[in-house]
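Accompanying notes for the structure given below.
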Amino acid sequence: MIKILVVDDSALVRKILSEELSKIDDFDVVGSATDPYMAREKIVKLQPDVLTLDIEMPRMDGLSFLEKLMKHYPMPVVIVSSLTPENSETALRALELGAIDVVSKPGSGFSTPDINRMVRAVRTAAAANTKVSLPKDKTATVQSPAVAASKSKSFELKTTHKVIAIGASTGGTKAVEVVLQNLPSVMPGIVIVQHMPEVFTASFAARLNSICELEVREARDNDYVVPGMVLVAPGNSHMLLQRSGAKYYVSLKDGPPVHHQRPSVDVLFHSVARNAGSNALGMILTGMGADGAKGLQAMHDNGAYTFAQDEKSCVVFGMPKEAIKMGAVDKIIPLDQCASALIEHLQKEV
């Protein structure tokens with residue numbers, strides 16, 4: 001059984017979450033709390049496996065509590081918030097602090113898709129490794145001579161006609177940040193699918209753009225994929241790599257979710273396999289489930305060189321594990337070596 005503690009100052013939210021989650025056979029809602037102080041006492045007493053946490057609460061806000069919790073008593077946390085553009089920065093901060101996922105706050109109209117999303121988030125949180133030690137800043141990951149050389153004027157890479165495709169899910173916001181922060185501005189064009197709600201992706205891309213040498217932004221339909229540019233798939237749209245002559249560009253599509261996701265890593269990777277072939281590099285990072293495994297295999301079979309994040313550095317090893325099991329991965333690497341691995345591979349081709 002997965003033991004759940006619900007923390008929210010709204011009696012209605014506590015009631016809805018407790019009732020709906022209790023309907024799941026292997027879920028046990030062991031209690032609820034109206035604020036972080038009460039939550040602290042109940043965590044010690046009830047020993048829950050997963051905490052659902054509101055952000056706006058009296059006496060102490062959810063982010064402050066989350067930061068203290070992850071420092072002194074790390075455990076899987078699902079943030080329950082109003083998913084609006086105004087709240088996206090706060091939600092991203094929660095993910096940076098160690099929250100496993102952010103889901104929509106329920107109301108009287110809580111629907112089946114909302115319930116399913118909440119159930120998946122709780123299951124993912126229960127399987128997550130909250131004790132993963134992630135680099136705190138850019139300098140912490142700069143260890144490889146390849147990364148150091150990339151900052152010098154003598155550094156050369158093969159960027160023409162090359163594309164790098166990256167897929168991530170749970171734990172991926174920090175993992176993607178660690179990778180991109182340690183890449184130079186001369187990298188080939190990069191396309192990324194990170195599972196996250198529609199209202200978050202623009203803020204996620206803007207934050208990455210502010211801390212990386214590469215230019216990072218949320219993708220728009222028909223954007224060209226060019227050296228020095230990173231395009232992040234917008235939430236609720238599949239992103240495909242297309243080719244026109246010698247130029248690559250992306251197209252955004254609706255279509256049904258794949259592996260419960262839109263955007264889907266598999267959709268992106270399969271399109272990269274078709275249109276870039278051996279000119280591509282593929283990387284699959286931390287995440288629950290199997291999205292991206294078959295797509296990475298297609299890339300590998302079409303001549304792309306492929307990487308997977310190792311188990312020890314993953315928050316959830318699901319996606320990389322499935323790709324490795326299929327034989328889709330050329331190299332398995334810790335998160336802090338992902339950037340240097342890309343650089344070193346591209347240097348070999350100069």
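Everything numeric in this text was worked out from a predicted model, so none of it was measured.
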In sequence, state the C-alpha distance, the side-chain angles, and the governing distance for Val179 and Leu335, and then conclude on side chain to side chain contact (heavy atoms under 4.5 Å, CB included). CA-CA 7 Å; Val179 175; Leu335 177 60; 4.0 Å; yes

Just do the side chain to side chain contact (heavy atoms under 4.5 Å, CB included) check on Val77 and Ile100 with the steps written out, would you? CA-CA 6 Å; Val77 175; Ile100 301 301; 5.8 Å; no

Between [X] and [Y], is there a side-chain N and carboxylate O pair less than 4.0 Å apart?
X: Arg217; Y: Asp223; value: yes
X: Arg117; Y: Asp114; value: no
X: Asp8; Y: Lys105; value: yes
X: Asp9; Y: Arg14; value: no
X: Glu67; Y: Lys71; value: no

Please report the shortest heavy-atom distance between [X] and [Y], naming the atom on each side.
X: Ala205; Y: Val232; answer: CB-CG2, 4.2 Å
X: Gly62; Y: Leu53; answer: O-CD2, 3.6 Å
X: Ser237; Y: Pro263; answer: O-CB, 3.0 Å
X: Gly292; Y: Val265; answer: CA-CG1, 3.6 Å
X: Gly235; Y: Glu218; answer: N-OE2, 4.4 Å
X: Ala165; Y: Met299; answer: CB-CE, 4.3 Å

Under 3.5 Å donor-acceptor, [X] side chain and [Y] backbone:
X: Glu322; Y: Asp291; result: no
X: Glu344; Y: Lys348; result: no
X: Ser10; Y: Val13; result: yes
X: Thr286; Y: Thr170; result: yes
X: Thr306; Y: His300; result: no
X: Arg243; Y: Gly245; result: yes
X: Ser18; Y: Lys15; result: no
X: Ser185; Y: Glu213; result: no
X: Asp266; Y: Gly295; result: yes

In short, salt bridge (charged side-chain N to carboxylate O under 4.0 Å, His left out) pairs touching residues 185-210 with sequence neighbours left out are Glu96-Arg207, Glu177-Arg207

Treating Ile, Leu, Val, Met, Phe, Trp and Tyr as nodes and any side-chain heavy-atom pair under 4.5 angstrom as an edge, say whether Leu268 and Val226 lie in one connected cluster. yes

Joint cluster assignment, Val267 & Ile192, ILVMFWY side-chain distance < 4.5 Å: no

Please round to the nearest 0.5 Å and tell me the distance separating atom [atom1] of [X] and atom [atom2] of [Y].
X: His345; Y: Ile164; atom1: NE2; atom2: CD1; value: 9.5 Å
X: Ser251; Y: Asp221; atom1: OG; atom2: CG; value: 6.0 Å
X: Gln261; Y: Gln194; atom1: CD; atom2: CD; value: 9.5 Å

Could you list the residues that satisfy side-chain contact (heavy atoms from CB on, under 4.5 Å) with [X], not counting sequence neighbours?
X: Ala94; result: Leu63, Leu66, Ile79, Ala99
X: Glu311; result: Phe317
X: Asn209; result: Glu215, Val216
X: Val30; result: Lys3, Asp28, Leu46, Pro48

Partners passing side chain to side chain donor-acceptor pair (under 3.5 Å) against [X] (at least two apart in sequence or in another chain):
X: Ser271; value: none
X: Ser64; value: Asp61
X: His270; value: none
X: Lys253; value: none

Any side-chain heavy atom of [X] sitting closer than 4.5 Å to one from [Y]?
X: Leu231; Y: Ile190; value: no
X: Met60; Y: Lys68; value: yes
X: Ile284; Y: Leu296; value: yes
X: Cys338; Y: Leu285; value: yes
X: Thr173; Y: Phe200; value: no
X: Gln242; Y: Val250; value: no
X: Asn182; Y: Ser340; value: no
X: Leu51; Y: Phe65; value: yes

Do His238 and Asp254 get their side chains close enough for a donor-acceptor pair, meaning under 3.5 Å? no

Quick one: ring pair (Phe, Tyr, Trp, His ring centres under 6.0 Å) pairs with a partner in residues 247-268, sequence neighbours left out? none

I'd like to check the ring-ring contact (aromatic ring centres under 6.0 Å, His included) partners of Phe307; sequence neighbours left out, ordered by chain and number. Tyr305

Decide yes or no on side chain to side chain contact (heavy atoms under 4.5 Å, CB included) for Phe204 and Leu95, but give the supporting numbers first. CA-CA 11 Å; Phe204 177 55; Leu95 293 172; over 6 Å; no

Evaluate Ser169 against Met319 for side chain to side chain contact (heavy atoms under 4.5 Å, CB included), listing each step before the verdict. CA-CA 8 Å; Ser169 186; Met319 286 164 48; 3.5 Å; yes

Does the cation-pi check pass for Lys294 over Phe269, that is, NZ or CZ under 6.0 Å from the six-membered ring centre and within 45° of its axis? no

Scan for side chain to side chain donor-acceptor pair (under 3.5 Å) pairs involving residues 29-41, sequence neighbours excluded, and state none if there are none. Asp35-Arg59

Do other residues, nucleotides or ligands put more than 12 heavy atoms under 6.0 Å from Asp26 CG? yes

For the NZ atom on Lys321, are there more than 12 heavy atoms of other groups (residues, nucleotides or ligands in this structure) within a distance under 6.0 Å? no

